[in-house]
Amino acid sequence: MTPTLSSNLRFGWTTGTCASAAVNASYMALLTGEFPDRVTIVTPSGKNADLEIAKTSLGAGWACAGVVKDAGDDPDVTHGAMICATVRLGAPDSGVVFRQGAGVGVITKPGLPIDVGEPAINPVPRQMMCAVIDDLATSLGGTGDVEIEISVPDGDKIALKTWNPRLGIEGGISILGTTGVVRPFSCSAWIASIHRGIDVARANALPHVIGSTGATSEGFAKKCYDLPDIALLDMGDFVGGMLKYMRKNPVPRLTIAGGFGKLVKMAQGAVDLHSARSQVDFEKLALLAEPLGFRHDAVAHANSVLEIVQMADLEQRHALATLIAEQALDAAMAYLKRDDIAIEIFVVSRDGALLGRAGRLEL
């Protein structure tokens, strides 16, 4: 069953959730000889994904299951793709090893959260699949030593419609997802939800709200302040939609928290941070980073912002993130056009640590 929004837009499931369900069915068949008809996966967001197993095959020492991805009402290019997992018995004490199957990309350039040469299966889906293996091994008496090969029929063709070729991910799509859930990409619906969040905060006389680009940055900001959940605005990519509404519906204090890449774009003047509608100007970023000891050409020709972060030492990283935070703060204040709202910016790393900060809120 696919969950729904109050606006009647359906959520969908990420490729990571589908792959985890396929791994569940395959490993269960490997241990018991039988495939389940359906599998329930608890996603990182806490939602239960009840998914049908659409394809099965079983052999000596291996099992394969497939799940058809349902992206809900999101215009996702992977909607309808078959996400397959072949699970093989591994060597003793090998743990879980991931393999690239047909239609799944391989990492060929640095700057991504997976090492070069590895299949393009992102960290959270890997964690989800490892948890599935661990749970089933415990309950069914397996060792947990397996090889997991994820494949996607026609994934190489689907990938041509994504950013993968530009990012140096070759041969197919990526297995993605940090929450396990695909939110329907309706700009108007999402911005309306931000507006309603601001309305609720104002109605409850909250003096401070947090707008975040994602769960990791929200988690960091939430730890900094003792604020109720209604103070947390799921801003996503729509910083402009949030600031424009706050221009006429002010809240005295605003924290904007986001990842390095998103806030670089904000610092460079973007108010819609989605990858399809704004891009990092790497030449402009190189000019900013060079006085801090970064090589101009390395930054200007970087494959991704993460690659730039990885080429720096800790001191350089924090110095650049602080400059980005300061410029993002200036951009936010200029767009907001009010001097009675105090704003601060948090630049948060992928592992939830503070990289840079600008603006201090008096609480």
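Bear in mind that the values here come from a model prediction, so they are computed numbers and not experimental data. Throughout, numbering of the chain's residues begins at 1 and tracks the sequence.
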Name the orientation class of the two ring planes belonging to Tyr245 and His195 (parallel below 30°, tilted from 30 to 60°, perpendicular beyond 60°).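 Rings of Tyr245 and His195: parallel, as their planes differ by under 30°.
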Parallel, tilted or perpendicular, as decided by the 30° and 60° cut-offs, for the rings of Tyr225 and Phe346: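 Plane angle under 30°, so parallel.
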Give the cluster check for [X] versus [Y]: same hydrophobic cluster or not, with ILVMFWY residues linked at side-chain heavy-atom distances below 4.5 Å.
| X | Y | result |
| --- | --- | --- |
| Val280 | Leu355 | yes |
| Val68 | Ile150 | no |
| Val181 | Val77 | yes |
| Leu140 | Leu89 | yes |

Side chains of [X] and [Y]: closer than 4.5 Å at any heavy-atom pair?
| X | Y | result |
| --- | --- | --- |
| Phe260 | Leu320 | yes |
| Met242 | Ile191 | no |
| Ile345 | Arg357 | no |
| Ile324 | Leu285 | yes |
| Thr322 | Glu326 | yes |
| Arg253 | Ile341 | no |

Where at least one partner belongs to residues 279-292, residue pairs that pass salt bridge (charged side-chain N to carboxylate O under 4.0 Å, His left out), sequence neighbours excluded: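 Every pair satisfying salt bridge (charged side-chain N to carboxylate O under 4.0 Å, His left out) with a residue in residues 279-292: there are none.
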Check step by step if side chain to side chain donor-acceptor pair (under 3.5 Å) holds for Asp237 and Thr213. CA-CA 6 Å; Asp237 294 316; Thr213 60; over 6 Å; no
For Cys64, is there any backbone N or O sitting under 3.5 Å from a side-chain donor or acceptor partner on Thr86?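 No.
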For Lys69 and Thr78, what are the C-alpha separation, side-chain angles and deciding distance, and is it a side chain to side chain donor-acceptor pair (under 3.5 Å)? CA-CA 7 Å; Lys69 177 178 173 178; Thr78 59; 2.7 Å; yes
Donor-acceptor pairs under 3.5 Å, side chain of residues 118-133 to any protein atom, not counting sequence neighbours: which ones?
residue: Glu118; atom: OE1; partner: Arg126; partner atom: NH1; Å: 3.2
residue: Glu118; atom: OE1; partner: Arg126; partner atom: NH2; Å: 3.1
residue: Arg126; atom: NE; partner: Ile121; partner atom: O; Å: 2.6
residue: Arg126; atom: NH2; partner: Pro119; partner atom: O; Å: 3.0

Is it true that His301 and Phe282 have ring centroids separated by less than 6.0 Å?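 For His301 and Phe282, the ring centres are not under 6.0 Å apart.
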At what distance, to the nearest 0.5 angstrom, does OG of Ser349 lie from CZ of Arg317?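 CZ of Arg317 is found 8.5 Å from OG of Ser349.
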Intermediate values then yes/no, side chain to side chain donor-acceptor pair (under 3.5 Å), Thr14 and Thr17: CA-CA 5 Å; Thr14 63; Thr17 295; 3.2 Å; yes
Residue from Ile256, Thr255, Leu254 passing side chain to side chain contact (heavy atoms under 4.5 Å, CB included) with Ile210: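 Single pass found, and it is Thr255.
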Taking Arg338 first and then Asp340, would you say they form a salt bridge - that is, a charged N and a carboxylate O separated by under 4.0 Å?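 Salt bridge between Arg338 and Asp340, a charged N being under 4.0 Å from a carboxylate O: yes.
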Could Arg202 and Asp199 be called an ion pair, given the rule that one side-chain N must be under 4.0 Å from one carboxylate O?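 No.
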Could you tell me whether Arg247 sits above the aromatic face of Tyr335, with NZ or CZ closer than 6.0 angstrom to the six-membered ring centre and within 45 degrees of the axis?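 Flagged: Arg247 positioned over aromatic ring of Tyr335.
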Mark yes or no: Lys47 above the aromatic ring of Phe11, with NZ or CZ under 6.0 Å from the six-membered ring centre and no more than 45 degrees from the axis.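 Lys47 over Phe11 ring: yes.
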